[in-house]
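Report on the following structure.
Below, chains carry the letters A, B, ... as their sequence lines are ordered, and counting in each starts from 1.
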Protein chains: 2
Amino acid sequence: MAASSDYPADTSASSLPEATVVRLPVYFRGLVELAEEGVTTVASQQLAELAGVNAAKVRKDLSYLGSYGTRGVGYDVGFLMLQIGRILGGNEPAPVVIVGAGNLGKALSRYDGFGASGFPVAAIVDADPVVVGRKVAGVTIRHVDDLHEVVGEAGCQVGIIATPAAAAQGAVDRLVDAGVRSILNFAPTVVTVPDDVGLRKVDLATELHILGYYEHRRGANRATG
Amino acid sequence: MAASSDYPADTSASSLPEATVVRLPVYFRGLVELAEEGVTTVASQQLAELAGVNAAKVRKDLSYLGSYGTRGVGYDVGFLMLQIGRILGGNEPAPVVIVGAGNLGKALSRYDGFGASGFPVAAIVDADPVVVGRKVAGVTIRHVDDLHEVVGEAGCQVGIIATPAAAAQGAVDRLVDAGVRSILNFAPTVVTVPDDVGLRKVDLATELHILGYYEHRRGANRATG
DNA sequence: TAGATTGTTAATCGATTAACAATC
DNA sequence: TAGATTGTTAATCGATTAACAATC
């Protein structure tokens, strides 16, 4: 279990608790806000309020990264940003591939938000030979059959599904095969991925259906309570 | 605690475990697949494979809905679809409002996928007076200052943030105030919502950063293991 | 009946939280 | 020192899982 990388191994190579990983970006955002205001030190209580959690959770989460706080004082904002930033991918850009060059696919390709978050759209693929070769936002559309190759060339780590529902599962299978680590599915269907550790997936259709449950329950509560 | 609705109260008014609610749409999708193939009965083991979980979890989850299975036989596909569908919002359309009528906002408005999932785009708002009054996909753009009113009129239950990063938190605050139950944030920033029960939020920026963690860790594992 | 499969129990695991000793 | 705040402990809670009695 000897570490060979050039920074402490425990925080990057070993697993942080899943629930902690999910909250790190939220802390990061709060720290960015503080840094913009010129604040240099933050207590767990303050950071907790910014993140919408309680202080005990903040301290517990941060303790997994190491003992970076100072008792009686708090945490150094800049240093903590550096540590969390390093853990969350080292701030290196993680290229994105978009599957499907219809209206949505093209719009997402042109959307600056991904690039601004450090996730540039590096590739677009489509099944229609007619659109293959065209350019969208400076990126040439390739054929979906070449997805594995395209992902390898561009080093894509995120796949975005912007296909019709019927093509979504096939696109997911190819993305998984090609080695992406995260999938965002816009198609109006739920797709499944192998039960591999670390592959993260968000189905818009699932999110929307879960909402349906809450809305339904709220209605029932109104009716009965 | 007497129920006054016209179906058994326990499954709709009382809370199902959060983890179960998250899986219900996945089961639903598997059942749809089976129904399309003409299959009328399914065992927990089969449904588990379709959903990518284990059979014990399927049985436990379904047991919260009631004793709808038959020992030695399995579950009736159609009946189970009906029950889960009813719990997940009763299959009634849940209108969506899009905040921001830029390239992304317009593309999402035109995207058929939301409507196909039962979540039609019912309203679009923007801060720019120049675009207010224009139509996108049959929906007239309204001013963001009228968001509360717009949400009330259209009965919007989902808000989609398609604004620049700087405007995202303000849009979220207004959506929460207006009473939507779910927020999907495309802006390249993390936003916070009050810690109310049931309000569901997905930050694309957070999802992408979490991916960064997994990718980073995978790199570390490759290097050290 | 014999075989199959559910529904439930109980053990286990991971996440949350309050409390407080350590310590700046 | 006195006050403040971390880092950690231990209790609690919810979710997962294997096992199996119930029963079709």
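Nucleotides of DNA chain D nearest to A/S63 and A/G72 differ in position, and the one nearer the 5' end is that of A/G72. When the nearest nucleotides of DNA chain C are assigned to A/T70 and A/R23 by heavy-atom distance, the more 5′-ward of the two goes with A/R23. The residue among B/A56 and B/V73 whose nearest nucleotide of DNA chain C is located toward the 5' end is B/V73.
Here C/dT23 sits opposite D/dA4 as a Watson-Crick or G-U wobble pair (both hydrogen-bonding atom distances under 3.5 Å). The partner of C/dA18, taking Watson-Crick or G-U wobble pairs whose two distances both stay under 3.5 Å, is D/dT9.
Residue A/A43 is in sugar-phosphate contact alone, with no base atom involved, counting any heavy-atom pair closer than 4.0 Å across all strands shown. Heavy atoms of A/E18 sit under 4.0 angstrom from primed sugar atoms or phosphate atoms, though from no base atom.
Rounded to a whole Å, the CG atom of A/L24 is 13 Å from the P atom of C/dA15. Whole-Å rounding puts the B/L65 CG to C/dG7 P distance at 10 Å. Counting to the nearest Å, the P atom of D/dG7 and the OH atom of A/Y64 are 13 Å from each other. Counting to the nearest Å, the P atom of D/dG14 and the CG atom of B/L16 are 14 Å from each other. The distance from atom CG of A/L80 to atom P of D/dT6 is 11 Å, rounded to the nearest whole Å. Taking atom NZ on B/K60 and atom C1' on D/dC20, their separation rounds to 14 Å, with Å as the unit. Taking atom CG of residue A/D61 and atom P of nucleotide C/dG14, one finds them 16 Å apart after rounding to whole Å. Atom-to-atom, CG of B/L47 to C1' of C/dT5 comes out at 14 Å; the value is rounded to the nearest Å.
Close to C/dG7, at under 4.0 Å from its OP1 or OP2, lies a side-chain N or O of B/Y75. Phosphate proximity of C/dT17 to A/K57: present, with a side-chain N or O under 4.0 Å from OP1 or OP2. OP1 and OP2 of C/dT5 both lie 4.0 Å or more from every side-chain N or O belonging to B/S44. Between A/R59 and the phosphate of C/dC20, there is no side-chain N or O to OP1/OP2 separation shorter than 4.0 Å.
Nearest nucleotide to the side chain of A/N54, out of D/dT16, D/dG7, C/dA18: C/dA18.
Among the candidates A/K201, A/R200, A/R181, the single residue satisfying the salt bridge (charged side-chain N to carboxylate O under 4.0 Å, His left out) test with B/E207 is A/R200.
Heavy atoms from other residues, nucleotides or ligands lying under 6.0 Å from CG of B/D76 number more than 12.
Looking at A/R71, its side chain has no donor and acceptor atom pair within 3.5 Å of the base of C/dT23.
Ring to ring, B/Y27 and B/Y64 are not that close: their centroids are 6.0 angstrom or more apart. B/Y75 has its ring centre no less than 6.0 Å from the ring centre of B/Y68.
Contact of the A/V202 side chain with the A/I183 side chain is not registered, since no non-hydrogen atoms from C-beta on lie closer than 4.5 Å.
Relative orientation of the A/Y111 and B/F186 rings is perpendicular, given thresholds of 30° and 60° on the angle between their planes.
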